[in-house]
Asker: 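Quick one: the structure is below, and I'll ask about it shortly.
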Amino acid sequence: MTTYTETFDRRGHLYNSAMATFPNARDEELRQLLNRLDPKPAEVIVDAPAGGGFVAEAVAAAGAEVICIEPSVPFGKPLAARFKTHVAPIWNMPLADDSVDKLARLAGLHHLGHAELQGSFNEAFRVLRPGGLIAVADVRADTPTAAFLNGPVDTWTETGHQGHFFKPGGLQAQLEAAGFQHTTETLESFFWTLPDTTSLCGFVHNLFGLVILPSAQTEALLRQGPGIHQDATGAHFPWALAYATARKPTGTPAS
Ligand SMILES: C[S@@+](CC[C@H](N)C(=O)[O-])C[C@H]1O[C@@H](n2cnc3c(N)ncnc32)[C@H](O)[C@@H]1O
């Protein structure tokens, strides 16, 4: 069986190549997270898992001090030159108790086992200062996004894709189990936007490492689902994530 770290060891460079070629394609997905995270100058903000630094770049641009946590060495290769970076699992971060203001987590949870998942939220609670904020986004079960990942992405990648997606309220429930309060959770639907259909197909093919799929067949596959929308502003790929936020209660330092 391929572990998820091995998956990103093998296809992280393709993901990073897609993101470097079209850095604005996932802007709306990112904006939804940043609206909730509200990064401010001088705040210490953890991006975990950071991948190639998509969230970290935006948080740094807001003037915050970024710490990246990424378990895959090849995937996280671009990080070390730009940010303070730790190669570590997100359920065991080499950070002190109560030491960070905020923590961001985008699209990095749906391959964790149950214990790792809850451990990752417990660990976020430990490192956040009292009053600190977590903003997280991941795939909601029974959505076209979930069907695409565990369908075509599973079929056309060397490593397969069997994600464990989140039922409505699932992220909130895990945050509350870790001790967080003032939780919110909303499903947001948006588009990845590329200049044209050829660019969109190349982006998706690379991002997911669809190496078994002949490139010429990508457009037909995407049109089957989730679909491609075209207008004067470009080609748009429907995507959806559940976004959740929570705060560590004040007056509760980690034990
Ligand atoms: C789709 S990428 C997202 C990266 C980045 N946050 C972004 O939005 O571009 C998934 C991330 O989850 C991490 N990850 C998730 N589950 C993992 C597991 N079980 N073991 C190791 N890494 C895992 C990967 O290393 C990778 O950074």
Side-chain angles (χ1 to χ4, degrees), residues 1-16 19-20 30 33-34 37 39 43-60 64-130 132-139 159 161-164 166 171 174-175 177-180 207 209 244-248 252-255:
M1 192 182 93
T2 310
T3 68
Y4 201 54
T5 310
E6 287 165 357
T7 295
F8 273 101
D9 284 354
R10 286 170 65 172
R11 71 171 172 87
H13 68 287
L14 291 175
Y15 193 103
N16 286 343
M19 294 298 293
L30 178 62
L33 188 77
L34 294 177
L37 190 68
E43 285 181 335
V44 177
I45 301 184
V46 174
D47 181 11
F54 178 49
V55 175
E57 291 288 354
V59 168
E65 182 187 328
V66 183
I67 302 172
C68 292
I69 308 287
E70 171 53 45
S72 165
V73 172
F75 197 5
K77 207 170 173 188
L79 297 174
R82 296 271 298 116
F83 309 107
K84 187 172 180 181
T85 300
H86 299 284
V87 177
I90 62 172
W91 56 89
N92 188 13
M93 300 188 288
L95 303 175
D97 294 356
D98 305 323
S99 62
V100 307
D101 296 300
K102 294 177 179 173
L103 190 143
R105 182 160 288 172
L106 180 58
L109 293 176
H110 57 266
H111 287 281
L112 301 190
H114 184 74
E116 295 164 344
L117 183 62
Q118 192 59 55
S120 77
F121 286 121
N122 295 347
E123 187 69 339
F125 188 89
R126 180 185 69 77
V127 304
L128 279 166
R129 64 165 171 76
L133 175 80
I134 180 170
V136 51
D138 215 295
V139 178
T159 48
H161 193 288
Q162 285 300 319
H164 309 295
F166 293 86
L171 289 170
Q174 291 217 250
L175 287 163
F180 285 102
L207 191 80
T245 61
R247 281 199 184 272
K248 181 168 174 174
T252 55
S255 57

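Below, all heavy atoms of this structure are taken into account, side chains as well, without hydrogens, waters or symmetry copies. Not measured: the values here are computed from a predicted model.
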Asker: Can you give me the closest heavy-atom contact between Pro49 and Arg105, atom names plus distance?
Answerer: CD-CG, 4.1 Å

Asker: Locate the shortest heavy-atom distance separating Glu70 from Phe75; write the atom from each residue and the value.
Answerer: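 Residues Glu70 and Phe75, closest heavy atoms: OE2-CD2, 3.9 Å.
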
Asker: His164 and His114: side-chain hydrogen bond (donor to acceptor under 3.5 Å, both in side chains), yes or no, with the steps?
Answerer: CA-CA 9 Å; His164 309 295; His114 184 74; over 6 Å; no

Asker: Scan His161, Gln162, Glu116 and name whichever one has a side-chain contact (heavy atoms from CB on, under 4.5 Å) with His111.
Answerer: His161

Asker: Between Asp98 and Lys248, is the closest basic N to carboxylate O distance under 4.0 Å?
Answerer: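 Here Lys248 pairs with Asp98 in a salt bridge, since their nearest N and O are under 4.0 Å apart.
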
Asker: Given side chain to side chain contact (heavy atoms under 4.5 Å, CB included), test Leu95 with Ile69 step by step and report yes or no.
Answerer: CA-CA 10 Å; Leu95 303 175; Ile69 308 287; 4.3 Å; yes

Asker: Under 4.0 Å between a Lys/Arg side-chain N and an Asp/Glu carboxylate O for Glu57 and Arg82?
Answerer: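 Yes, charged N to carboxylate O under 4.0 Å.
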
Asker: Answer yes or no: is there a side-chain heavy-atom contact under 4.5 Å between Leu112 and Ser120?
Answerer: yes

Asker: Is any side-chain heavy atom of Arg10 less than 4.5 Å from a side-chain heavy atom of Thr159?
Answerer: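 Yes - at least one pair of side-chain heavy atoms lies under 4.5 Å apart.
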
Asker: Which atom pair, heavy atoms only, marks the closest approach of Gly108 to Ile90?
Answerer: O-CD1, 4.2 Å

Asker: Please give me the minimum heavy-atom distance between Ala246 and Phe180, naming the atom from each residue.
Answerer: CB-CB, 3.5 Å

Asker: For Leu128 versus Leu103, what's the shortest heavy-atom pair and its separation?
Answerer: CD2-N, 4.0 Å

Asker: Using the side-chain contact (heavy atoms from CB on, under 4.5 Å) rule, pick out the option among Leu30, Leu37, Ile67, Asp47 that qualifies with Val59.
Answerer: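 Answer after filtering Leu30, Leu37, Ile67, Asp47: Leu37.
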
Asker: Taking all heavy atoms of Pro74 and all of Asn16, pick out the closest pair and write down the distance.
Answerer: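 Distance-wise, the nearest heavy atoms are O-ND2, 4.2 Å.
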
Asker: Are the side chains of Phe121 and Leu109 in contact, using a 4.5 Å heavy-atom criterion?
Answerer: yes

